[in-house]
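Structure, as structure tokens:
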Number of protein chains: 2
Amino acid sequence: MVPKSVEIRIHDAMIALTAAEKRAARALLGNYPMLGFAPVAEFSNAAGTSPATVLRFVSRLGFASYPQFQRALRDELEERTKSPLQRSHEVPARDPDHFLDRFFDQTIENLRNSVGGIPLSEFEAACARIAEQRTACHLVGGRFTDAIARYMEAHLRLVRPGIRRLDGRPATRQDQLLDIKAGDTVLFFDVRRYDTDLYETAEALAARRAFPILITDEWISPLSRYAKIVLPCRISVERVWDANTVLFALAEAIIARATELAWSTASRRIGDIEQN
Amino acid sequence: MVPKSVEIRIHDAMIALTAAEKRAARALLGNYPMLGFAPVAEFSNAAGTSPATVLRFVSRLGFASYPQFQRALRDELEERTKSPLQRSHEVPARDPDHFLDRFFDQTIENLRNSVGGIPLSEFEAACARIAEQRTACHLVGGRFTDAIARYMEAHLRLVRPGIRRLDGRPATRQDQLLDIKAGDTVLFFDVRRYDTDLYETAEALAARRAFPILITDEWISPLSRYAKIVLPCRISVERVWDANTVLFALAEAIIARATELAWSTASRRIGDIEQN
DNA sequence: TCAATACTGAAACGTATGGTTCAGAATGCG
DNA sequence: CGCATTCTGAACCATACGTTTCAGTATTGA
């Protein structure tokens, strides 16, 4: 029988490990396999536990001694670097049908497909617009996507002044609309089970000559009617759930790109804040 | 000055090495860097020379001792595996250098790597715990991750009763702690620039016998000390930004799985809500 | 061919490292 | 709440490991 990979051994054993031993396991997985080449004392230090526990951990993995464990790591590493595809940090093959793996695979698939559906020029234009500081920038999300709007708000506030997030409640929204000026950028998140309230909001904004950008799903929110820029994402997962991870990823990409574009001011603001 | 790679040092030194030392050098280059992790005796054996020669060889490379040489190898390996390499299996991208594509590629890579680092048993245990309705479930996020906590809150509220999100401000947090009972689940999000406030919170919770679950980054928040379950994610993007998309994806996976597990009640609750 | 020099590995040494024990702390159960 | 059990790390021990020494061997130049 081929000896099992150390990584797999850890996963298998994980459930039976004690608290301190788990810390050791995590530390090792955290920078695998390098930490295993360190002396026990350093390992235990990095894991925040005692050398004794590390030794127990190693023995639970089925190794007779620490050196033997290290040798296994070395052999494994050798095996890996010799194999045709340099699969330096590949997923250890385990049950490919497990929920988590399937879910992540699907998410990855969505990300892939989404990239293709987003025109680069649109993406660039959106980022440029958001980095543009002469006009204010407003963020609006729906029931679930509001969280994404908040995330973006928290980041963009570091980058530039004039960031606002519109509150979710339709009642207060009317008031907030008053602050939006002609030329202001408004970034909408709207996905399936499209929010009908938003529809009115968008209409009002169009009348005010704002610049609406829409991030939506593959079925495209009716808001697109009013949007100057539309960025569609693939969100369905196995036809059961809709997953907003792709929206989130896109939000992060926009944040990152806008930060680049507005770097001259962003760096100053960030610097100021870090000092406190 | 940045320390030179060991490999380069060897090449530089090669010309000045003696015959037996060259054998050592070749052996090391021959299966680099694994042989360097072996004890001196084994190294010398593999190189067909004596331990003394290996030591001399190492010292010629400019290292003060064999352990120091090994540490350099480890650091180097670490550096290498952390860099954004291995993008062989990818979308036939149009402009592969464009920001958006690169960003998504990196995110995909992070998702891939993250799956490997999360033990299924831990993931399952966390979901089961969150689906468990006899105890309350509290969510806590940091500066940016608070948005993710909110997202999760919005979903889990549909699934089961007893969901609460702790407010970010340390002042109000004290009051909120009072509501947490022994056995309650507390889900923390904590990534780099770890929130020191959270640390105290976690300590207090541990004293109250709550059940802390931690979602963190590859460097593992110090909170892990108190956590019963730790789910680490890969978040670094090209060493410049940290991206929380993976955290978000994990949050969604947990939501989805917990929904499955608690389906009997979840379906009823969702049905009730949809009717309105 | 011989002498001077450099190289090499066997053996001896001291230390840092892995391993073990045990008392105290934490945990879980009745 | 208190007992039994398990877990944990401090202190200790044995030894394997890196290191040094030194005598023997090869190499080079005269």
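Every chain is numbered from 1 and lettered A, B, ... according to where its sequence line falls, protein lines coming before strand lines. All values below come from the heavy atoms of this structure, side chains included, with hydrogens, waters and symmetry mates left out.
- In this structure, the side-chain hydrogen bond (donor to acceptor under 3.5 Å, both in side chains) partners of A:Glu42, at least two apart in sequence or on a different chain, are B:Arg71, B:Arg74.
- Under the salt bridge (charged side-chain N to carboxylate O under 4.0 Å, His left out) criterion, the residue pairs touching residues 48-64 of chain A are A:Glu21-A:Arg60, with sequence neighbours excluded.
- Residues from residues 43-50 of chain B lying near DNA chain C, meaning a heavy-atom separation below 4.0 Å, are B:Thr49, B:Ser50 in numerical order.
- Looking at B:Glu122 and A:Lys22, a side-chain N of the basic residue comes within less than 4.0 Å of a carboxylate O on the acidic one, giving a salt bridge.
- Residue pairs meeting the ring pair (Phe, Tyr, Trp, His ring centres under 6.0 Å) criterion with at least one member in residues 36-58 of chain B, sequence neighbours excluded: A:Phe37-B:Phe37.
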Just by protein heavy atoms under 4.0 Å, how would nucleotides 11-30 of chain C read 5' to 3' in B, S and -?
-------SSB----------

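- With sequence neighbours left out, B:Thr185 forms a side-chain hydrogen bond (donor to acceptor under 3.5 Å, both in side chains) with B:Arg129.
- In terms of the side-chain hydrogen bond (donor to acceptor under 3.5 Å, both in side chains) criterion, B:Thr216 has no residue partners (sequence neighbours excluded).
- Among pairs with a residue in residues 61-70 of chain B, none fulfils salt bridge (charged side-chain N to carboxylate O under 4.0 Å, His left out), at least two apart in sequence or across chains.
- In the helix from C:dT1-D:dA30 to C:dG30-D:dC1, the rotation axis of the first five pairs and that of the last five pairs differ in direction by 40°, rounded to 10 degrees.
- The interatomic distance linking A:Phe57 (CZ) with D:dT8 (P) rounds to 13 Å, in whole Å.
- Partners of B:Thr135 by side-chain hydrogen bond (donor to acceptor under 3.5 Å, both in side chains), not counting sequence neighbours: none found.
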Stepwise side-chain contact (heavy atoms from CB on, under 4.5 Å) check, B:Ile130 with B:Leu156:
CA-CA 9 Å; B:Ile130 287 166; B:Leu156 289 181; 3.9 Å; yes

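- Within the structure, ring pair (Phe, Tyr, Trp, His ring centres under 6.0 Å) pairs that include any residue of residues 243-267 of chain B comprise A:Phe248-B:Phe248, B:Tyr151-B:Phe248 (at least two apart or interchain).
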Can you list the steps and then say if B:Arg160 with B:Cys137 is a side-chain contact (heavy atoms from CB on, under 4.5 Å)?
CA-CA 10 Å; B:Arg160 50 159 289 184; B:Cys137 178; 3.7 Å; yes

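- B:Ile215 CD1 to B:Cys233 SG: the interatomic distance, rounded to the nearest 0.5 Å, is 6.5 Å.
- Applying a 4.0 Å cut-off to non-hydrogen atoms, none of the residues of residues 13-28 of chain B approaches DNA chain D.
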